[in-house]
Amino acid sequence: MPDFSLSEEERSLQDLARKFARTEMAPHAAECDRAGRFPEEIYRKAWELGLMNLNVPTEYGGSGLTLLQQCLIVEELAHACAGMTTSIIANCLALEPILIGGSEEQRKRFLPGFCSEYHLASFCLTEPGGGSDAGALKTRAVRDGDHYVLTGEKCFITNGPFASLYTVFATTDPALKHSGICAFVVSRDTPGVVPGKEEEKMGHRASATSTVRFEGARIPLENRLGGEGDGFSIAMRTLDQTRTPIGALATGIAQAALDHAAAYSLKRETFGKPIGEHQAIQIKLANMTMELRAARLLTWQSAWTIDHGQRGSLESSVAKCYASDASMRIADEALQIFGGYGYMKDYPVEKLLRDAKLAQIYEGSNEIQRIVIARQLLSAYA
Ligand code: COS
């Protein structure tokens, strides 16, 4: 990891994402946030430019990006709007189980369609009765001949109302805990698949979140990923891959907060000079800068580790947890620098604070990340 320079290809991906974010996303971010509008036309444009399905390899029609390249893109998109970015990268989360647990035939069946046409997909793990204790999920999968019958409810599902495909985790026997869990690919048009209404959220309001119910949905055996009981491992390995881009998303929010705060500190005057010339503000800006840079480096280090073939469980939890906590602190300080104006919806920073909060919660709360980190740390001393 000693070489911190980006290649020409990485820089051009970053430029492409930055241009798209600034011209297509940023101008609509405040309006979508206020109205809770799901701007599908923007997601379609992101897809046209190849900014969706970032993790799909070239052999299935994707662009075959490294995780570091994905993170560079995600940071730029999140700088413009974290909510839109969440909807854009939800496909990566939903398709990753197919890459991890799917057979070659399943990958060829499910993945190319996402690259040849615009579609959304959702990852369905969390349930109303519990998200952190994923091994205790209750959605049932009952084998019936060459089908499984799915019954249960998933919640907080990104893109839930609009997805055409769901990757769903369900148990054949709750008493088996982790080893009873299976992963399935479920088409939206399967009878008994019922997406719920969109939730009203505090932030990420340009993304859509809903419940998805399975009311006796019959899923063909050939849509099960891996063997019976492989689902928990598939879910965990998926999250090992997808938590690093959440670090990048949090870094994008933090960079936007710092950009706004620094620019404002040079314009706003108190006691006869711009507030940026007061040491109280300079110290805040310096701390924000240090935390931002640490968040980016930890995210890049995690991506590098995974790109070099390691599992990266610890690194991805460190990146996701540190970057999202830092992003929350940076957005909070940015709002403080804006003072009363920061609290007003006419200014951009209160949205950044609301958006930063979710990164501490989704894809595993930061308490869960600390459990993953501590377990890995202690296993090295056992
Ligand atoms: N990769 C592969 N296998 C893994 C793994 C990983 N990253 N993490 C755990 N496993 C395996 C373990 O090796 C163990 O296997 P065996 O049964 O063969 O020994 C099994 O899975 C159970 O692991 P563990 O005992 O660690 O499970 P816990 O119930 O203690 O839960 C946590 C582990 C808390 C880490 C897990 O439930 C988790 O990540 N929860 C958060 C879920 C989440 O992020 N939800 C958000 C959804 S997306 S918005």
Side-chain angles (χ1 to χ4, degrees), residues 55 82-83 85-97 99-101 121-139 153-160 163 166-171 173-183 199 201 203-204 207-212 225-247 249-250 302 305-306 309-321 324 357-379 382:
N55 54 346
T85 309
T86 286
S87 269
I88 289 170
I89 64 173
N91 271 24
C92 298
L93 175 62
L95 300 182
E96 191 68 37
L99 287 164
I100 287 176
S122 295
F123 179 81
C124 301
L125 177 68
T126 303
E127 299 186 351
S132 292
D133 188 2
L137 60 80
K138 294 200 166 40
T139 297
E153 186 174 33
K154 300 291 178 177
C155 69
F156 308 142
I157 304 304
T158 301
N159 293 345
Y166 303 94
T167 41
V168 182
F169 297 84
T171 178
D173 180 357
L176 293 175
K177 292 248 352 179
H178 314 91
S179 38
I181 296 175
C182 302
E199 306 281 1
K201 300 192 299 296
H204 291 240
S207 83
T209 309
S210 74
T211 54
V212 180
L225 300 171
E228 214 168 76
D230 287 347
F232 189 77
S233 160
I234 293 172
M236 293 300 110
R237 285 155 62 209
T238 293
L239 292 165
D240 284 345
Q241 289 287 324
T242 57
R243 283 175 179 154
T244 310
I246 300 302
L249 175 141
S302 175
T305 302
I306 293 169
Q310 294 176 48
R311 189 167 114 181
S313 258
L314 178 132
E315 287 80 2
S316 56
S317 284
V318 167
K320 188 273 188 194
C321 187
S324 57
K357 186 66 208 169
L358 186 59
Q360 292 182 304
I361 298 171
Y362 68 178
E363 297 220 15
S365 69
N366 281 3
E367 289 72 23
I368 289 293
Q369 307 312 319
R370 287 180 168 87
I371 291 173
V372 173
I373 294 163
R375 283 183 182 176
Q376 296 249 343
L377 173 84
L378 293 172
S379 70

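Each ligand, and each atom within it, is numbered from 1 in the order the structure gives. All values below were derived from every heavy atom in this structure, side-chain atoms included, with hydrogens, water molecules and symmetry-related copies excluded. Since we're looking at a predicted model, the values are computed, not measured. Position 1 is the first residue of the sequence; numbering continues from there.
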Worked verdict on Thr244 versus Ser302 for side chain to side chain donor-acceptor pair (under 3.5 Å): CA-CA 6 Å; Thr244 310; Ser302 175; 2.9 Å; yes

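Residues Asn159 and Ser87 approach most closely at OD1-OG, 2.7 Å, considering heavy atoms. Contact record, Thr126 with Ile157: O-CD1, 4.4 Å, taken as the closest heavy-atom pair.
Contact shell of ligand 1 (protein heavy atoms, cutoff 4.0 Å): Phe123, Leu125, Thr126, Gly131, Ser132, Ala134, His178, Phe232, Met236, Arg237, Leu239, Asp240, Arg243, Arg311, Ser313, Glu363, Gly364, Ile368, Val372, Arg375.
The six-membered or imidazole ring of Phe169 lies near that of Phe123, with a centre-to-centre distance under 6.0 Å.
Glu96 pairs with exactly one of Asn55, Thr167, Asn91 by the side chain to side chain donor-acceptor pair (under 3.5 Å) rule, that one being Asn55.
Residues that satisfy the side chain to side chain contact (heavy atoms under 4.5 Å, CB included) test with Ala170, not counting sequence neighbours, are Thr139, Ala141, Leu150, Phe184.
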